[in-house]
Amino acid sequence: MKPRLLQIANVGQICGGTAACAWTVTQALPGFDHHVAFLSSIHADTRRVFVDATLHAWTTVTLNLVRSVCPDVVLLHNISPQKLNQRLPIPTVQYVHSAGRKAEADVTVYCSHWLAQQFEADSDDVLWQGVPLVNVARTSATDRPLIIGRICTPQLCKWPMELIAFYETLSPVAPEVWWEFVGCPSELQAGLKQACGGRARFFPAGWEQRQFLGCWDALLYHHPTLPESFGRVVAEAMRAGCIPIVDHMGGFREQLREGGGFLCRDLSDFQQAMIQLRDPSLRKTLSQQTLQIGESRWSLDRFAKALLTRLDAAVAHFSRAAS
(Lines give C-alpha, C1' and ligand atoms only; values in the text may rest on other atoms or scores of the structure.)
Protein backbone atom coordinates (compact mmCIF):
# COMPACT_ATOMS: atom_id res chain seq x y z
CA MET A 1 0.00 0.00 0.00
CA LYS A 2 1.32 3.45 -0.92
CA PRO A 3 2.00 5.93 1.89
CA ARG A 4 -0.62 8.68 1.88
CA LEU A 5 0.50 12.32 1.64
CA LEU A 6 -1.94 15.11 2.43
CA GLN A 7 -1.02 18.55 1.18
CA ILE A 8 -2.89 21.64 2.38
CA ALA A 9 -2.75 24.89 0.37
CA ASN A 10 -4.65 28.15 0.63
CA VAL A 11 -5.72 28.97 -2.94
CA GLY A 12 -7.33 26.48 -5.31
CA GLN A 13 -6.04 28.18 -8.46
CA ILE A 14 -3.26 26.35 -10.33
CA CYS A 15 -2.04 29.56 -11.99
CA GLY A 16 -0.04 31.31 -9.32
CA GLY A 17 0.13 30.82 -5.59
CA THR A 18 1.19 27.53 -4.06
CA ALA A 19 -1.13 25.21 -5.99
CA ALA A 20 1.48 24.79 -8.71
CA CYS A 21 4.02 23.67 -6.12
CA ALA A 22 1.51 21.21 -4.66
CA TRP A 23 0.91 19.82 -8.15
CA THR A 24 4.67 19.44 -8.66
CA VAL A 25 4.87 17.39 -5.47
CA THR A 26 2.32 14.96 -6.91
CA GLN A 27 4.47 14.60 -10.03
CA ALA A 28 7.76 14.25 -8.16
CA LEU A 29 6.50 11.56 -5.75
CA PRO A 30 4.56 8.99 -7.82
CA GLY A 31 5.03 6.40 -5.07
CA PHE A 32 2.54 8.21 -2.79
CA ASP A 33 -1.24 8.25 -2.62
CA HIS A 34 -1.84 11.98 -3.01
CA HIS A 35 -4.56 14.06 -1.40
CA VAL A 36 -4.65 17.87 -1.67
CA ALA A 37 -6.93 20.11 0.39
CA PHE A 38 -7.51 23.71 -0.71
CA LEU A 39 -8.83 26.31 1.73
CA SER A 40 -10.81 28.14 -0.98
CA SER A 41 -12.94 27.19 -3.95
CA ILE A 42 -11.21 24.89 -6.42
CA HIS A 43 -11.07 26.24 -9.97
CA ALA A 44 -12.02 24.00 -12.88
CA ASP A 45 -8.53 24.18 -14.39
CA THR A 46 -7.06 23.05 -11.06
CA ARG A 47 -9.32 19.98 -11.02
CA ARG A 48 -8.33 19.23 -14.60
CA VAL A 49 -4.59 19.42 -13.89
CA PHE A 50 -4.58 17.41 -10.63
CA VAL A 51 -5.34 14.09 -12.30
CA ASP A 52 -3.03 12.15 -9.95
CA ALA A 53 -4.57 13.34 -6.69
CA THR A 54 -7.82 13.38 -4.73
CA LEU A 55 -8.89 16.98 -4.07
CA HIS A 56 -10.73 18.34 -1.04
CA ALA A 57 -12.31 21.79 -0.56
CA TRP A 58 -12.06 23.00 3.04
CA THR A 59 -12.50 26.42 4.63
CA THR A 60 -10.14 25.77 7.52
CA VAL A 61 -8.08 22.90 8.91
CA THR A 62 -9.58 20.80 11.69
CA LEU A 63 -8.28 17.63 13.24
CA ASN A 64 -11.40 15.75 12.15
CA LEU A 65 -10.96 16.80 8.51
CA VAL A 66 -7.30 15.76 8.53
CA ARG A 67 -8.10 12.43 10.15
CA SER A 68 -10.82 11.76 7.57
CA VAL A 69 -8.07 11.56 4.93
CA CYS A 70 -5.96 9.15 7.04
CA PRO A 71 -2.61 10.62 5.96
CA ASP A 72 0.74 9.18 6.92
CA VAL A 73 2.37 12.60 6.57
CA VAL A 74 1.11 16.16 5.98
CA LEU A 75 2.70 18.93 3.88
CA LEU A 76 1.44 22.43 4.64
CA HIS A 77 1.92 25.20 2.09
CA ASN A 78 2.06 28.59 3.81
CA ILE A 79 -0.65 27.68 6.31
CA SER A 80 -1.11 30.29 9.05
CA PRO A 81 -2.08 29.76 12.71
CA GLN A 82 -5.45 31.30 11.85
CA LYS A 83 -6.13 28.32 9.57
CA LEU A 84 -4.47 25.70 11.80
CA ASN A 85 -4.19 26.61 15.46
CA GLN A 86 -2.72 23.36 16.80
CA ARG A 87 0.14 20.97 16.10
CA LEU A 88 -1.23 18.02 14.17
CA PRO A 89 -0.82 14.53 15.73
CA ILE A 90 0.67 13.41 12.41
CA PRO A 91 4.18 14.00 11.02
CA THR A 92 3.98 17.44 9.40
CA VAL A 93 6.18 19.64 7.20
CA GLN A 94 5.48 23.35 6.75
CA TYR A 95 6.66 24.68 3.35
CA VAL A 96 7.01 28.45 3.71
CA HIS A 97 6.55 30.44 0.48
CA SER A 98 6.20 34.00 1.81
CA ALA A 99 6.53 36.15 4.92
CA GLY A 100 4.11 36.02 7.84
CA ARG A 101 3.34 33.71 10.76
CA LYS A 102 3.01 30.01 9.96
CA ALA A 103 1.45 27.08 11.79
CA GLU A 104 3.76 24.85 13.80
CA ALA A 105 5.12 21.67 12.26
CA ASP A 106 7.71 18.98 12.93
CA VAL A 107 9.90 20.34 10.13
CA THR A 108 9.80 23.78 8.49
CA VAL A 109 11.41 24.53 5.13
CA TYR A 110 11.64 27.70 3.03
CA CYS A 111 11.35 28.14 -0.72
CA SER A 112 14.55 30.23 -0.99
CA HIS A 113 17.59 31.38 0.94
CA TRP A 114 16.34 34.95 0.67
CA LEU A 115 13.08 34.02 2.41
CA ALA A 116 14.86 31.88 5.02
CA GLN A 117 16.91 34.92 5.98
CA GLN A 118 13.70 36.86 6.66
CA PHE A 119 12.87 34.20 9.27
CA GLU A 120 16.49 33.99 10.52
CA ALA A 121 16.48 30.31 9.54
CA ASP A 122 19.47 28.19 8.50
CA SER A 123 20.41 27.60 4.89
CA ASP A 124 19.90 23.87 5.51
CA ASP A 125 16.19 24.64 5.87
CA VAL A 126 15.86 25.77 2.24
CA LEU A 127 13.98 23.57 -0.21
CA TRP A 128 13.97 24.82 -3.80
CA GLN A 129 10.97 23.78 -5.85
CA GLY A 130 11.33 21.49 -8.81
CA VAL A 131 9.53 22.30 -12.05
CA PRO A 132 8.58 20.12 -15.01
CA LEU A 133 10.08 20.39 -18.47
CA VAL A 134 8.28 22.54 -21.01
CA ASN A 135 8.12 20.23 -24.00
CA VAL A 136 8.24 22.62 -26.95
CA ALA A 137 10.89 22.44 -29.66
CA ARG A 138 12.97 25.62 -29.68
CA THR A 139 13.37 27.20 -33.12
CA SER A 140 16.29 29.30 -34.26
CA ALA A 141 15.86 33.04 -33.75
CA THR A 142 17.35 33.57 -37.23
CA ASP A 143 14.14 32.15 -38.66
CA ARG A 144 11.88 34.63 -36.86
CA PRO A 145 11.92 37.88 -34.88
CA LEU A 146 13.51 37.93 -31.45
CA ILE A 147 10.73 37.29 -28.90
CA ILE A 148 10.82 38.36 -25.25
CA GLY A 149 7.91 37.58 -22.95
CA ARG A 150 6.44 38.21 -19.54
CA ILE A 151 4.09 35.73 -17.88
CA CYS A 152 2.44 36.38 -14.54
CA THR A 153 -0.83 35.99 -12.70
CA PRO A 154 -3.45 38.50 -13.96
CA GLN A 155 -3.45 40.68 -10.85
CA LEU A 156 -2.81 44.42 -10.98
CA CYS A 157 -0.42 44.12 -8.02
CA LYS A 158 1.84 41.98 -10.25
CA TRP A 159 1.47 44.37 -13.24
CA PRO A 160 2.25 47.88 -11.90
CA MET A 161 1.43 50.88 -14.10
CA GLU A 162 5.13 51.79 -14.02
CA LEU A 163 5.71 49.00 -16.54
CA ILE A 164 4.40 51.23 -19.34
CA ALA A 165 7.15 53.82 -18.87
CA PHE A 166 9.68 51.02 -18.35
CA TYR A 167 8.92 49.37 -21.72
CA GLU A 168 8.68 52.75 -23.43
CA THR A 169 12.33 53.34 -22.52
CA LEU A 170 13.47 49.75 -23.03
CA SER A 171 11.89 48.75 -26.34
CA PRO A 172 13.82 51.21 -28.60
CA VAL A 173 17.09 49.53 -27.54
CA ALA A 174 16.16 46.47 -29.65
CA PRO A 175 13.58 47.62 -32.23
CA GLU A 176 13.39 44.17 -33.83
CA VAL A 177 11.99 42.53 -30.67
CA TRP A 178 8.41 41.33 -30.45
CA TRP A 179 7.03 41.47 -26.92
CA GLU A 180 4.51 38.91 -25.67
CA PHE A 181 2.55 39.29 -22.43
CA VAL A 182 0.65 36.46 -20.76
CA GLY A 183 -1.82 37.37 -18.03
CA CYS A 184 -1.61 41.14 -18.53
CA PRO A 185 -4.71 42.90 -17.17
CA SER A 186 -6.75 44.75 -19.79
CA GLU A 187 -6.07 48.08 -18.05
CA LEU A 188 -2.42 48.00 -19.18
CA GLN A 189 -2.66 46.47 -22.63
CA ALA A 190 -3.17 49.59 -24.75
CA GLY A 191 -0.43 51.49 -22.91
CA LEU A 192 2.03 48.61 -23.17
CA LYS A 193 1.36 48.12 -26.87
CA GLN A 194 2.04 51.77 -27.55
CA ALA A 195 5.17 51.65 -25.34
CA CYS A 196 6.45 48.72 -27.41
CA GLY A 197 5.93 50.55 -30.69
CA GLY A 198 2.99 48.33 -31.57
CA ARG A 199 5.17 45.20 -31.46
CA ALA A 200 3.23 43.52 -28.66
CA ARG A 201 0.87 40.57 -28.37
CA PHE A 202 -1.32 39.67 -25.41
CA PHE A 203 -2.56 36.27 -24.25
CA PRO A 204 -4.82 35.26 -21.36
CA ALA A 205 -3.46 33.52 -18.29
CA GLY A 206 -3.73 29.74 -18.19
CA TRP A 207 -1.84 26.66 -17.06
CA GLU A 208 -0.94 25.65 -20.62
CA GLN A 209 0.52 29.09 -21.35
CA ARG A 210 3.80 27.94 -19.82
CA GLN A 211 4.42 26.47 -23.26
CA PHE A 212 5.35 29.99 -24.40
CA LEU A 213 8.61 29.57 -22.47
CA GLY A 214 9.66 27.03 -25.07
CA CYS A 215 9.21 29.62 -27.83
CA TRP A 216 10.53 32.81 -26.25
CA ASP A 217 14.19 33.74 -26.47
CA ALA A 218 14.04 35.46 -23.09
CA LEU A 219 11.76 36.00 -20.13
CA LEU A 220 11.81 39.56 -18.81
CA TYR A 221 10.36 40.26 -15.37
CA HIS A 222 10.58 43.63 -13.67
CA HIS A 223 8.63 44.86 -10.67
CA PRO A 224 10.03 47.92 -8.89
CA THR A 225 8.59 47.22 -5.43
CA LEU A 226 7.62 43.54 -5.07
CA PRO A 227 10.48 41.04 -4.60
CA GLU A 228 9.62 37.42 -5.38
CA SER A 229 10.54 34.85 -2.73
CA PHE A 230 11.13 32.30 -5.48
CA GLY A 231 10.67 32.73 -9.21
CA ARG A 232 8.87 29.56 -10.27
CA VAL A 233 8.44 30.93 -13.79
CA VAL A 234 12.16 31.74 -13.85
CA ALA A 235 12.92 28.12 -12.99
CA GLU A 236 10.49 26.90 -15.68
CA ALA A 237 12.10 29.26 -18.19
CA MET A 238 15.57 27.95 -17.39
CA ARG A 239 14.43 24.35 -17.91
CA ALA A 240 13.14 25.44 -21.32
CA GLY A 241 16.34 27.26 -22.34
CA CYS A 242 14.57 30.63 -22.13
CA ILE A 243 17.01 33.26 -20.81
CA PRO A 244 15.76 35.17 -17.71
CA ILE A 245 16.24 38.94 -17.50
CA VAL A 246 15.04 39.86 -14.01
CA ASP A 247 15.42 42.23 -11.08
CA HIS A 248 18.41 41.80 -8.79
CA MET A 249 15.96 41.20 -5.93
CA GLY A 250 14.56 38.46 -3.71
CA GLY A 251 14.97 34.84 -4.68
CA PHE A 252 15.99 35.72 -8.23
CA ARG A 253 19.51 36.44 -7.00
CA GLU A 254 20.22 32.88 -5.91
CA GLN A 255 18.49 31.38 -8.94
CA LEU A 256 20.90 33.18 -11.27
CA ARG A 257 23.98 33.36 -9.07
CA GLU A 258 25.80 30.91 -11.35
CA GLY A 259 24.76 32.66 -14.56
CA GLY A 260 22.27 31.53 -17.15
CA GLY A 261 20.62 34.93 -17.33
CA PHE A 262 20.77 38.59 -16.32
CA LEU A 263 20.27 40.13 -12.90
CA CYS A 264 19.45 43.83 -13.30
CA ARG A 265 19.73 46.52 -10.64
CA ASP A 266 18.37 49.38 -12.74
CA LEU A 267 17.06 50.34 -16.18
CA SER A 268 20.59 50.59 -17.56
CA ASP A 269 21.23 46.94 -16.69
CA PHE A 270 18.05 45.88 -18.49
CA GLN A 271 19.10 47.90 -21.53
CA GLN A 272 22.56 46.31 -21.56
CA ALA A 273 20.99 42.84 -21.35
CA MET A 274 18.84 43.67 -24.37
CA ILE A 275 21.87 44.85 -26.33
CA GLN A 276 23.79 41.65 -25.56
CA LEU A 277 20.89 39.40 -26.49
CA ARG A 278 20.87 40.84 -30.01
CA ASP A 279 23.98 38.69 -30.62
CA PRO A 280 22.74 35.26 -31.85
CA SER A 281 25.89 33.42 -30.76
CA LEU A 282 25.62 34.80 -27.21
CA ARG A 283 21.94 33.88 -27.08
CA LYS A 284 22.77 30.31 -28.07
CA THR A 285 25.50 30.05 -25.43
CA LEU A 286 23.32 31.51 -22.70
CA SER A 287 20.37 29.30 -23.65
CA GLN A 288 22.53 26.18 -23.33
CA GLN A 289 23.93 27.37 -20.00
CA THR A 290 20.41 28.11 -18.79
CA LEU A 291 19.29 24.58 -19.70
CA GLN A 292 22.20 23.02 -17.83
CA ILE A 293 21.62 25.05 -14.66
CA GLY A 294 17.89 24.44 -14.86
CA GLU A 295 18.38 20.67 -15.05
CA SER A 296 20.82 20.59 -12.13
CA ARG A 297 18.74 22.82 -9.84
CA TRP A 298 15.06 22.51 -10.75
CA SER A 299 14.61 18.92 -11.95
CA LEU A 300 11.87 16.78 -10.43
CA ASP A 301 14.44 14.12 -9.46
CA ARG A 302 16.44 16.58 -7.37
CA PHE A 303 13.26 17.97 -5.82
CA ALA A 304 11.94 14.50 -4.98
CA LYS A 305 15.13 13.48 -3.16
CA ALA A 306 15.25 16.71 -1.15
CA LEU A 307 11.56 16.55 -0.28
CA LEU A 308 11.71 12.90 0.79
CA THR A 309 14.55 13.80 3.14
CA ARG A 310 12.34 16.43 4.80
CA LEU A 311 9.35 14.10 5.03
CA ASP A 312 11.53 11.43 6.65
CA ALA A 313 12.88 14.03 9.08
CA ALA A 314 9.31 14.98 10.06
CA VAL A 315 8.43 11.34 10.72
CA ALA A 316 11.59 10.93 12.84
CA HIS A 317 10.93 14.13 14.81
CA PHE A 318 7.32 13.14 15.42
CA SER A 319 8.38 9.69 16.66
CA ARG A 320 10.94 11.13 19.06
CA ALA A 321 8.42 13.63 20.44
CA ALA A 322 5.84 10.87 20.96
CA SER A 323 8.22 8.51 22.77
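These numbers were taken from a predicted model, which means no experiment stands behind them.
Counting heavy atoms of neighbouring residues, nucleotides and ligands inside a 6.0 Å radius, atom CD of Q194 does not exceed 12 of them. For K102, the NZ atom counts as densely surrounded, since its 6.0 Å shell holds more than 12 non-hydrogen atoms of other residues, nucleotides or ligands. Under a cut-off of 6.0 angstrom, the local environment of CZ in R48 is crowded, with over 12 non-hydrogen atoms contributed by other residues, nucleotides or ligands. Within 6.0 Å of the CD atom in Q86, the count of heavy atoms belonging to other residues, nucleotides or ligands exceeds 12.
Evaluation of the side chain to side chain donor-acceptor pair (under 3.5 Å) rule for E120 yields no partner, not counting sequence neighbours. Partners of R47 according to the salt bridge (Lys or Arg N to Asp or Glu O under 4.0 Å) rule, which considers only residues two or more places apart in sequence or in another chain, do not exist here.
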Could you walk me through whether C242 and T290 pass side chain to side chain contact (heavy atoms under 4.5 Å, CB included), step by step?
CA-CA 7 Å; C242 178; T290 294; over 6 Å; no
Worked check of side chain to side chain contact (heavy atoms under 4.5 Å, CB included) between V126 and F230
CA-CA 11 Å; V126 174; F230 176 85; over 6 Å; no
Any chance you could lay out the side chain to side chain contact (heavy atoms under 4.5 Å, CB included) test for L55 and F38, step after step, and finish with the verdict?
CA-CA 8 Å; L55 302 188; F38 292 106; 4.1 Å; yes
Just do the side chain to side chain contact (heavy atoms under 4.5 Å, CB included) check on F318 and L88 with the steps written out, would you?
CA-CA 10 Å; F318 180 83; L88 292 173; over 6 Å; no
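If you take CD1 on I293 and CZ on R239, they are separated by 13.0 Å, rounding to the nearest 0.5 Å. Separating the CD atom in Q129 from the CG atom in L307 is a distance of 11.0 Å, to the nearest 0.5 Å. Taking CD from Q276 and CG from L282, the interatomic distance works out to 6.0 Å, rounded to the nearest 0.5 Å. Atom CD1 of I243 and atom CD of Q289 lie 9.5 Å apart (nearest 0.5 Å). Note that CZ of F181 and CD1 of I148 are 10.0 Å apart. Values are rounded to the nearest 0.5 Å. Once rounded to the nearest 0.5 Å, the distance linking CZ of R150 with NE2 of H222 reads 9.0 Å.
Linking ILVMFWY residues whenever their side-chain heavy atoms come closer than 4.5 Å, directly or via other members, places L84 and W58 in the same cluster. Taken together through direct or relayed side-chain contacts under 4.5 Å among Ile, Leu, Val, Met, Phe, Trp and Tyr, L29 and L75 form part of one hydrophobic cluster. Following chains of ILVMFWY side-chain contacts shorter than 4.5 Å, one cannot reach L220 starting from M249, and the two form parts of different hydrophobic clusters. Taken together through direct or relayed side-chain contacts under 4.5 Å among Ile, Leu, Val, Met, Phe, Trp and Tyr, L5 and F50 form parts of separate hydrophobic clusters. Hydrophobic cluster membership is shared by F32 and L127, with clusters built from Ile, Leu, Val, Met, Phe, Trp and Tyr side chains linked at under 4.5 angstrom.
Using modelled atom types, one side-chain atom of R199 and one backbone atom of V177 make a donor-acceptor pair closer than 3.5 Å. A distance-only check finds no donor-acceptor pair linking the side chain of E180 to the backbone of R201 [under 3.5 Å]. Not a single donor-acceptor pair under 3.5 Å links the side chain of T108 to the backbone N or O of E104. The backbone N or O of K284 lies less than 3.5 Å from no partner atom in the side chain of S287, so there is not a single donor-acceptor pair. Judged purely by atom type and a 3.5 angstrom limit, R310 uses its side chain to pair as donor or acceptor with the backbone of A306. Although no hydrogens or angles enter the test, the distance criterion places a donor-acceptor pair under 3.5 Å between the side chain of R4 and the main chain of V69. Between the side chain of D122 and the backbone N or O of D124, no donor-acceptor pair lies under 3.5 Å.
Smallest separation of non-hydrogen atoms from A200 and W178: N-CZ3, 3.3 Å. Of all non-hydrogen atoms in L213 and A240, the two that sit nearest each other are O-CB, 3.7 Å. Smallest separation of non-hydrogen atoms from F252 and G231: CE2-CA, 3.6 Å. When all heavy atoms of D217 and R283 are compared, the pair lying nearest together is OD1-NE, 4.2 Å. Nearest approach of A105 to Q94, heavy atoms of both residues: CB-N, 3.6 Å. Residue A53 comes nearest to V36 through the heavy atom pair CB-CG2, 4.2 Å, listed as atom of the first residue, atom of the second, then distance.
Side chains of Q272 and C264 form no contact here, defined as non-hydrogen atoms less than 4.5 Å apart. Here the side chains of L263 and V246 are in contact, with some heavy-atom distance below 4.5 Å. Annotation: side chain of V93 is in contact with side chain of L311 (closest heavy-atom distance under 4.5 Å). The shortest distance between side-chain heavy atoms of H97 and S229 does not fall below 4.5 Å. Two residues are said to be in side-chain contact when any heavy atoms from C-beta on lie closer than 4.5 Å; P227 and W114 meet this criterion. Inter-residue side-chain proximity for I245 and L277 is flagged as met; some heavy-atom pair is nearer than 4.5 Å. The shortest distance between side-chain heavy atoms of C111 and Y95 falls below 4.5 Å. Between L192 and F202 there is a side-chain heavy-atom pair separated by less than 4.5 Å.
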Would you be so kind as to tabulate the donor-acceptor pairs closer than 3.5 Å made by side chains of residues 184-191, with sequence neighbours excluded?
from, atom 1, to, atom 2, distance (Å)
Q189, NE2, C184, O, 3.0

Let me check something: any side-chain donor-acceptor pairs from residues 152-167 under 3.5 Å, sequence neighbours excluded? List them with distances.
from, atom 1, to, atom 2, distance (Å)
K158, NZ, E228, OE2, 3.4
W159, NE1, T153, O, 3.0
W159, NE1, G183, O, 3.3

Could you tabulate the donor-acceptor pairs under 3.5 Å formed by side-chain atoms of residues 6-28, not counting sequence neighbours?
from, atom 1, to, atom 2, distance (Å)
Q7, OE1, H77, NE2, 2.7
Q7, NE2, A22, O, 3.0
N10, ND2, N78, O, 3.1
Q13, OE1, C15, N, 3.1
Q13, NE2, H43, ND1, 2.9
W23, NE1, V49, O, 3.4
T24, OG1, A20, O, 2.9
T24, OG1, R232, NH1, 3.1
T24, OG1, R232, NH2, 2.7
T26, OG1, W23, O, 2.5
Q27, NE2, D52, OD2, 3.2

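Applying the salt bridge (Lys or Arg N to Asp or Glu O under 4.0 Å) test to residues at least two apart or on different chains, the pairs with a partner in residues 241-258 are E258-R297.
Because its NZ or CZ atom is not both nearer than 6.0 Å to the ring centre of W298 and within 45° of the ring axis, R302 does not count as a cation-pi partner of that residue.
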